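A short worksheet on the structure shown next.
Here is the naming used below: chain letters follow the sequence lines, and residue numbers restart at 1 for every chain. Computed from a prediction, not measured in an experiment: that's the story for all the values here.
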Amino acid sequence: MGGTAEEPFRPNRGDKVLFFLGGSILAMEERYDFQEIEQKWQKVWEQSAIYGVKTDPAKPKYYCLEMFPYPSGQLHMGHVRNYSIGDVVARFKTMEGFNVLHPMGWDAFGLPAENAAIKHGVPPAQWTTENIANMRSQLKAMGLSYDWEREIASCYPDYYKWTQWLFLQLYKANLAYKKKANVNWCPSCATVLANEQVVDGACERCDSVVEKKALEQWFFRITNYAQRLLDDLDNLPGWPDKVKTMQENWIGRSEGAEMDFALPETMGGFDKIRVYTTRQDTIFGVTYLVLAPEHPLVEELLKNNEREDEIRAFISKVLNLSEIDRTSTETEKEGIFTGHYCLNPMTGEQVAIWIGNYVLVDYGTGAVMGVPAHDQRDFEFANKYNLPIRVVIQPEGIADLKAEDMDHAYVDKGTLVNSDAFNGMPNEDALGAIATELEKLGKGSRKINFRLRDWLISRQRYWGTPIPIIHCSTCGEVPVPDEQLPVILPDDVEFKPSGESPLRSRLDFLNCQCPQCGGEAQRETDTMDTFVCSSWYFLRYCSPKNEHEAFAAEDVDYWMNVDQYIGGVEHAILHLLYARFFTKVFYDLKLVAVDEPFKNLLTQGMVLMDGAKMSKSKGNVVSPEEIISRYGADTARLFILFAAPPERDLEWSDRGVEGAHRFLHRVWRLVQAYQPSLRQVTTLMLQPADINLSELNKDDKELLRQINYTVKKVTEDVGQRFNFNTAVSAIMELVNAMYIYKEKVPAEQQNLALIKDGIGKLILILAPFAPHICEELWQIVGGKGYVYQQSWPSYNEKALVRDEVEIVVQVNGKVRDRLSVANGLDADTLKAQVLENERVQSFIDGKNVVKVIAVPNKLVNIVVK
RNA sequence: GCGAGUGUGGCGGAACAGGCAGACGCAACGGACUUAAAAUCCGUCGCCCCAAAAGGGCGUAUCGGUUCGACUCCGAUCACUCGCACCA
């Protein structure tokens, strides 16, 4: 405190400042001390538990969910963006009157914890718990409206007990099985990976080149759901097309036929080779057949084969290729003739059997027919090895396509030739006709194939949910009985540098009794992929503390599905596909009533710095903690929401952050300036201001219009379009308008009821973006209760109407003048008025007016020649 | 190769049921206040022509089309980003 009006003083930071309005001292202005304000309200909110929600069928619900983070220990800007977006939505929906579920938790199993243990000797459980504590306090410093009572962590036994239980439900429904398969092995992570975790032949986590290994592994039968996962994308209008397309591609449905090429004699139980094709219309153009090197028939073909050594050399060369080289389109197609033949099912003709490096054993049947004239790969292969090329589709309009004239395969539509009974048929019809004929002959059938493979869920690692299966030498595979769940992950384990799971050497974990025969048995030591944990966490949030069930029907039936899900697009396939799969399984098992988990999906863009993703290796990381301590959470949130629309990548700008901070200061000073006079009018804030439109002067009317327009704009931008950036700019414009009013209109003429209305609404609509400062201001202006618990303000349509509107006058489409005319002036009067205008006259003088277009309240365009 | 998306000032971005291009913010420049600075406030701010103003011309990746009128719709092209990719 210091000084009086008679003794002016110079303020220092932290001092209270005298404020003058209308010539007299009205107030002592408080400095915007964001640190004090933010800490104060975070504490108050927590103590009064205003973010806690309950299942309440009497109220309309809204489930707002952000993807839960992996507890790395440090919040990054991507998190800040994700959770700021979610918080605006949650706060807005709450103020709109919904019972909003807005939970947070931890995707807490995974390799980094284990690596930390190996490297630093810290047990994964401890490492994870400490990281969670750290990140939780960082999240709390952001002032997010989470119901922390619902916090979950996938690594706690009260959570993974139910992950195990759900695994067993899948197991009992024959959707979980163990099989030996050629699987993706990451040598650096020392574990297998799901197909979805292999990116360009490398481990998505550590970038090591993935190897193939034949191992006994656990799978979920997600392929059983391929068609539904594909079809139901159509029921998700609230998802971005981009994500739906990516899932569509991943599922990769193709329609074709399987057909059998008979072997002249039975070989080791094989009497035919089954191929899969989508081009059965080209069956008469087959000139050879190619097997994958791993095809089971290959061994048989090698018996008594005089070129066995040569062929084996070729096969081992292919098998030694890395996954990247093996599947690259760049790798040249190579093959070797086996010396054997099979028979074309339609013609009975002999077809040479080859082995090729480009045929994949795990797609289709591991064997393909070669039609060089109509498939580019086959064309190249045939040219390399001088195999015959036979044209069976004639392009329309081209007289006579000849094999010897071709420099590439003809893959488009046309008319069948050299195809017996099918000659002259359009190939699109032949697809069906030939499939039907094959079915009639018993040599083939229509077949739909998916690119999607079963989900490999076992991991040879320690820090994950133990798979609740017991291996008994007499009973075989035995599920752990429900009453023995959870299978506890021992936390005092020893890590070996080899990377071998410590569970294998923990005999007290490994050895157990068979639940069926009581004999000695061993536990499964593999743990589950962490994507299993995250495939159902949104359900657990509905009943987070339930000790008897994974989730209670009354809770999930009320809260599900998630109304708005928000997260990074990097999960477009993995997590989002798995979560959809789980939900459909639970729906079929009657555990939930919905068959899609997420009604609306928002995929937020990345946070960039100098055009590149922030990363430690690039050294372009901005720490949220630092930003929050320097400018406050409100500033950080406001900037990140203002700088770009949510789906787009956001370029970080320190200057931009300062701009956001300046704006909050500006709001602060505005409210401070009016605060004392508002209290003089009334201490009871915000009953909808009784403002009589007809009594207002021009300035008042314009301000009233701006207030109502801003409420409308923000309501729509936040509620319907998620355009937070334009919502913020609209609020900025309102603040600018209020400053202009304050400067322009003499103090004694200012309409305090109107200002009260404007400031109250300003605080309420800014609150979802910057909750702390708004809570403080709300208190300062005498608002009752918490901002969060107020109703979202409404706007008055009548106040939006202008008396006069500016219209644009164009001559031949070029803007020549602007006129102010009465709102709603009809087209004809408008035309007449404009044509009389002097300036317009000068433009049309001496010319022929061909046409006049008048759009009321918008423009007049005069066309002259 | 296939599929999806993006392209607007010095920068982030507005505006698309077709109707004032550049809202809002950042940066920059000029001014006020100050002993000075910071903060704050007031102006200017797409490019070009004209000494300046008045005025005019050109401008939303490129080329073309539809229209009285196109950033917006249609066709082609280019660039970048993302996804899938020897899937038969």
Side-chain angles (χ1 to χ4, degrees), chain A residues 10-11 13 199-200 240-254 256 275-280 282 290 292 326-333 356-360 362-371 374-378 380-381 449-453 569-570 572-573 605-606 608 611 638-639 642-645 647-660 662-663 665-666 669 723 725-736 739 743 806-818 850-855 857-864:
Chain A
R10 192 162 299 126
R13 276 180 70 83
V199 178
D200 292 332
D241 289 339
K242 180 191 163 91
V243 174
K244 288 191 276 189
T245 307
M246 282 166 72
Q247 292 212 353
E248 230 173 272
N249 286 342
W250 190 261
I251 295 167
R253 181 184 199 270
S254 70
V275 304
Y276 175 71
T277 181
T278 55
R279 289 300 302 272
Q280 60 271 23
T282 63
V290 194
R326 180 80 194 275
T327 55
S328 164
T329 45
E330 307 298 314
T331 308
E332 200 186 354
K333 286 148 198 57
N357 64 348
Y358 67 97
V359 179
L360 305 174
D362 50 2
Y363 183 79
T365 59
V368 299
M369 62 189 209
V371 186
H374 304 294
D375 181 287
Q376 187 57 26
R377 286 162 309 191
D378 296 348
E380 288 165 23
F381 193 81
N449 252 330
F450 294 94
R451 217 187 61 97
L452 182 74
R453 311 294 156 80
V569 75
E570 66 272 17
I573 294 171
M606 289 187 294
L608 308 177
L638 190 72
F639 166 73
F642 173 63
E647 332 76 55
R648 220 183 295 181
D649 287 349
L650 180 151
E651 177 70 29
W652 184 264
S653 157
D654 288 335
R655 297 288 205 168
V657 177
E658 284 171 28
R662 265 200 294 272
F663 169 70
H665 260 111
R666 215 165 133 74
R669 288 194 308 270
N723 282 0
N725 55 329
T726 52
V728 173
S729 54
I731 298 172
M732 287 173 168
E733 284 176 278
L734 174 61
V735 171
N736 291 346
Y739 267 101
E743 299 304 319
E806 192 176 68
I807 60 143
V808 166
V809 182
Q810 296 181 331
V811 177
N812 286 346
K814 285 188 175 149
V815 179
R816 295 302 183 183
D817 204 3
R818 299 186 168 99
V850 182
K851 199 174 180 183
V852 180
I853 291 112
V855 183
N857 286 355
K858 282 219 171 113
L859 91 169
V860 175
N861 188 11
I862 303 163
V863 187
V864 295

- For atom P, what is the distance between B/rG25 and B/rC80, given to the nearest Å? 35 Å
- Message: If the cut-off is 4.0 Å, is A/R377 near the phosphate of B/rC87, judged by side-chain N/O to OP1 or OP2?
- Response: yes
- Query: Can you tell me if A/E806 uses its side chain to pair, donor with acceptor, with the backbone of A/R818 under 3.5 Å?
  - Reply: no
- Query: Ignoring hydrogens and geometry, is there a side-chain-to-backbone donor-acceptor pair from A/D649 to A/L608 under 3.5 Å?
  - Reply: no
- Between the side chain of A/N861 and the main-chain N/O of A/G813, is any donor-acceptor distance below 3.5 Å? yes
- Item | Length of the line joining A/E658:CD and B/rG25:C1', which is rounded to integer Å | 13 Å
- Task: Specify the residue among A/T277 and A/E651 whose closest nucleotide of RNA chain B lies further upstream toward the 5′ end.
- Result: A/E651
Return the polar atom pairs (N/O with N/O) between nucleotides 81-85 of chain B and the protein under 3.5 Å, or none.
from, atom 1, to, atom 2, distance (Å)
B/rC82, O2', A/K242, NZ, 3.4
B/rC84, O3', A/R451, NH1, 3.2
B/rA85, OP1, A/R451, NH1, 2.4

- Message: Is the distance from the ring center of A/Y358 to that of A/F381 below 6.0 Å?
- Response: yes
- Query: Which ranges of RNA chain B pair up as stems, where a stem means three or more consecutive Watson-Crick or G-U pairs with both distances under 3.5 Å?
  - Reply: B:1-7 with B:78-84, B:10-12 with B:24-26, B:28-32 with B:40-44, B:46-49 with B:55-58, B:61-65 with B:73-77
- Task: Could you state the atom-to-atom distance from CG of A/N725 to C1' of B/rC26 in whole Å?
- Result: 15 Å
Under-3.5 Å N/O pairs linking protein and nucleotides 38-42 of chain B:
from, atom 1, to, atom 2, distance (Å)
B/rU40, O3', A/R669, NH2, 3.3
B/rC41, OP1, A/R666, NH1, 2.5

- Query: Between A/R655 and B/rA27, is there a side-chain N or O to OP1/OP2 distance below 4.0 Å?
  - Reply: yes
- Query: Which listed nucleotide (B/rG13, B/rG25, B/rA88) is nearest to the side chain of A/A644?
  - Reply: B/rG13
- Message: Whole angstroms only, please: what is the CD-P distance between A/E647 and B/rA4?
- Response: 19 Å
- Item | Euclidean distance for P, B/rG57 against B/rU6 (whole angstrom) | 33 Å
- Before accepting this row, confirm whether a basic side-chain N of the pair A/R279/A/D375 lies closer than 4.0 Å to the acidic partner's carboxylate O. no
- Considering only atom P, compute the distance from B/rG75 to B/rC11 and round it to an integer number of Å. 30 Å
- Item | Atom-to-atom span, CD1 of A/I807 to C1' of B/rG19 - whole angstrom | 12 Å
- Nucleotide B/rC86, atom C1' - distance to CZ of A/R326 in whole Å: 10 Å
- Query: Within the structure shown, what part of the strands sits under 4.0 Å from A/K333 by heavy-atom distance: base, sugar-phosphate, or nothing?
  - Reply: base
- Message: Once you apply a heavy-atom cut-off of 4.0 Å, does A/E806 come out as touching a base, just sugar-phosphate, or nothing?
- Response: base
- Note on the structure: When rounded to whole Å, the CD to C1' distance for the pair A/E733 and B/rA15 reads 12 Å
- Query: Rounded to the nearest Å, what distance is computed from the CZ atom of residue A/F639 to the C1' atom of nucleotide B/rC24?
  - Reply: 14 Å
- Item | Sugar-phosphate only, base, or nothing, as touched by A/R253 at under 4.0 Å among non-hydrogen atoms | nothing
- Using the P atom on both, measure B/rG22 against B/rA32 and round to a whole Å. 30 Å
- Could you list the residues that satisfy side-chain contact (heavy atoms from CB on, under 4.5 Å) with A/D241, not counting sequence neighbours? A/K244
Got a list of side-chain donor-acceptor pairs under 3.5 Å for residues 726-733 of chain A, not counting sequence neighbours?
from, atom 1, to, atom 2, distance (Å)
A/T726, OG1, A/D717, OD2, 2.7
A/T726, OG1, A/N723, O, 3.0
A/S729, OG, A/N725, O, 3.4
A/S729, OG, A/T726, O, 3.0

- Task: For A/N736, report the nucleic acid contact type (base, sugar-phosphate, nothing); a contact means any heavy atom under 4.0 Å.
- Result: sugar-phosphate
- Message: Between B/rG65 and B/rA70, how many Å separate the two C1' atoms, rounded to a whole number?
- Response: 11 Å
- Query: Is B/rG9 syn or is it anti, if syn means the base angle is within 90 degrees of 0?
  - Reply: syn
- Side-chain donor-acceptor pair present, A/N736, A/R666, cut-off under 3.5 Å: yes
- Query: Which part of the nucleic acid does A/R648 contact within heavy-atom distance under 4.0 Å: base, sugar-phosphate only, or nothing?
  - Reply: sugar-phosphate
Nucleotide N/O to protein N/O under 3.5 Å, stretch nucleotides 68-70 of chain B:
from, atom 1, to, atom 2, distance (Å)
B/rC68, OP1, A/K851, NZ, 3.4
B/rC68, O2', A/N861, ND2, 3.4
B/rC68, O2, A/N861, ND2, 2.6

- Answer yes or no: does a side-chain N or O of A/Y363 lie under 4.0 Å from OP1 or OP2 of B/rA88? yes
- Item | Nucleotide B/rA17, atom P - distance to CG of A/N857 in whole Å | 17 Å
- Query: Base, sugar-phosphate, or nothing: which does A/V359 touch, judged by heavy atoms less than 4.0 Å apart?
  - Reply: base
- Task: Would you confirm whether A/N449, through its side chain, and A/T277, through its main-chain N or O, come within 3.5 Å as a donor-acceptor pair?
- Result: no
- Message: Within the 4.0 Å heavy-atom criterion, would you say A/G659 contacts the bases, only the backbone, or no part of the nucleic acid?
- Response: sugar-phosphate
- Task: Pick the P atom in B/rU81 and in B/rG69, then give their distance to the nearest Å.
- Result: 38 Å
- Message: Tell me whether the side-chain N/O atoms of A/K244 come closer than 4.0 Å to OP1 or OP2 in B/rG5.
- Response: no
- Message: If I pick the C1' atom on B/rA23 and the same atom on B/rG46, what distance separates them, to the nearest angstrom?
- Response: 15 Å
